[in-house]
Colleague: 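After the structure tokens below, expect a handful of questions from me.
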2 protein chains.
Amino acid sequence: MKLKSTQLYEARAKVAKALAHPSRLLMLDALAEKELCVCDLTDLVGADQSTVSKHLAVLKNAGIVADRRDGVMIFYRLKVGCLSGFWKCVEGVLRQNLKEQQAVMKSAS
Amino acid sequence: MKLKSTQLYEARAKVAKALAHPSRLLMLDALAEKELCVCDLTDLVGADQSTVSKHLAVLKNAGIVADRRDGVMIFYRLKVGCLSGFWKCVEGVLRQNLKEQQAVMKSAS
DNA sequence: CAGATATATGGTATATTTGCCATATAGCCA
DNA sequence: TGGCTATATGGCAAATATACCATATATCTG
């Protein structure tokens, strides 16, 4: 039971780690629209191609995206559909947190 | 617009980073039930108290939990309600990925 | 096959994260 | 106030993540 739990949280952490970089999040947002090749994503992120390739490997290894070869190009697509809803919820909470902080600041002044 | 986007993805990454550790995820799961003091969470995680305290600081700084003092003890509670639903969705996708991989293995054997 | 293009991988320097120890801070109670 | 308990913080060493360069691999095309 303890081992099982450990594995569960490590699996979740692997996904969270894959999401824990601005460039990867930018790419995921773009991929939510349509599949894109590495060249598109490299342009989008504005980093070295090898850097983008490694970011994509992280996402793929976490099971968040999948890839498909078409000739010389490799297209990546999103496999997890719950990201946009999740961020919407999280950002709602953070906005609320901010409001509460501002209220505290105001009452203290 | 570019700056705004960068800030958005950095804000999201901060939340994802806070989620990117098995011990923190274990604590968040426990906090989904009810608020807990640092001592409870230290027992749960089984790490040094200072380590747990720092993990909690990460979660608090990301806006995922809030704390409340009651005498000598400090109770933490979850502020973000969308975590369990998110993990449920993610784990569904990962299970599906696994099935597909197994199907590939089978057809290749 | 040779050359060109798209992508991945190895190597390495730098930055960040993590965990524990020691210690500081804060509240409770005698 | 002094001692006790709960929690937080500073410091440091080890582990991990990140970015870029150089280069390897794979595919297409002539």
Colleague: Please work out which of the three classes, parallel, tilted or perpendicular, describes the rings of B:His55 and B:His21, given edges at 30° and 60°.
Modeller: tilted
Colleague: Among D:dA19, D:dT5, C:dC20, which nucleotide sits nearest the side chain of B:Lys54?
Modeller: C:dC20
Colleague: Taking only N and O in the side chain of B:Tyr76, is any of them less than 4.0 Å away from OP1 or OP2 of D:dA8?
Modeller: yes
Colleague: Rounded to whole angstrom units, what separation is found between the CG atom of A:Leu36 and the P atom of C:dA6?
Modeller: 15 Å
Colleague: Round to the nearest Å and state the distance from B:Arg68 atom CZ to C:dG27 atom P.
Modeller: 15 Å
Colleague: Rounded to whole Å, please give me the gap between NE2 in B:His21 and C1' in D:dA15.
Modeller: 11 Å
Colleague: Of the nucleotides D:dA26, C:dA8, D:dC20, which one has an atom closest to the side chain of A:Arg69?
Modeller: D:dA26
Colleague: Report the C-alpha distance between B:Ile64 and B:Leu83 in whole Å, list the side-chain angles of each, state the deciding distance to 0.1 Å, and finish with yes or no for side chain to side chain contact (heavy atoms under 4.5 Å, CB included).
Modeller: CA-CA 10 Å; B:Ile64 298 171; B:Leu83 292 175; 4.3 Å; yes
Colleague: Going only through I, L, V, M, F, W and Y residues with side-chain contacts under 4.5 Å, is there a path from B:Met27 to A:Val93?
Modeller: yes
Colleague: Touch check for B:Phe75, heavy atoms < 4.0 angstrom, all strands: base, sugar-phosphate only, or nothing?
Modeller: nothing
Colleague: Which nucleotide sits closest to the side chain of B:Ile74: D:dT27, D:dA8, D:dC21?
Modeller: D:dA8
Colleague: Kindly point out which of D:dA19, C:dT7, D:dT9 is positioned nearest to the side chain of B:Ser50?
Modeller: D:dT9
Colleague: Of all the choices, C:dC20, D:dA19, D:dA26, which nucleotide is nearest to the side chain of A:Val72 once you look at every atom?
Modeller: D:dA26
Colleague: Separation of B:Asp70 atom CG from D:dT7 atom P, in whole Å?
Modeller: 11 Å
Colleague: Can A:Lys34 and A:Asp40 be counted as an ion pair, charged N to O under 4.0 angstrom?
Modeller: no
Colleague: Could you state the atom-to-atom distance from CG of B:Asp48 to C1' of D:dA6 in whole Å?
Modeller: 13 Å
Colleague: Would you classify A:Ala57 as touching base, sugar-phosphate or nothing, given that sugar-phosphate means primed atoms plus P, OP1 and OP2, and contacts are heavy atoms under 4.0 Å?
Modeller: nothing
Colleague: Considering only side-chain heavy atoms of B:Cys37, which listed nucleotide, D:dT7, C:dT7, D:dT18, is closest?
Modeller: D:dT7
Colleague: What is the distance from NZ of A:Lys14 to C1' of D:dT16, rounded to the nearest Å?
Modeller: 15 Å
Colleague: Report the nucleotide, chosen from C:dT7, D:dT7, C:dG19, that has the shortest atom-to-atom distance to any side-chain atom of B:His55.
Modeller: C:dG19
Colleague: Let me know the distance between CE of B:Met27 and P of D:dT7, rounded to the nearest Å.
Modeller: 13 Å
Colleague: What is the distance, rounded to the nearest whole Å, between atom CD of A:Gln49 and atom P of D:dT25?
Modeller: 15 Å
Colleague: Testing A:Lys60, A:Lys79, A:Arg77 one by one against A:Asp67 for a salt bridge (Lys or Arg N to Asp or Glu O under 4.0 Å), which residue passes?
Modeller: A:Lys60
Colleague: Which nucleotide wins on minimum distance to the side chain of B:Lys17, given the candidates D:dA19, C:dT17, C:dC28?
Modeller: C:dT17
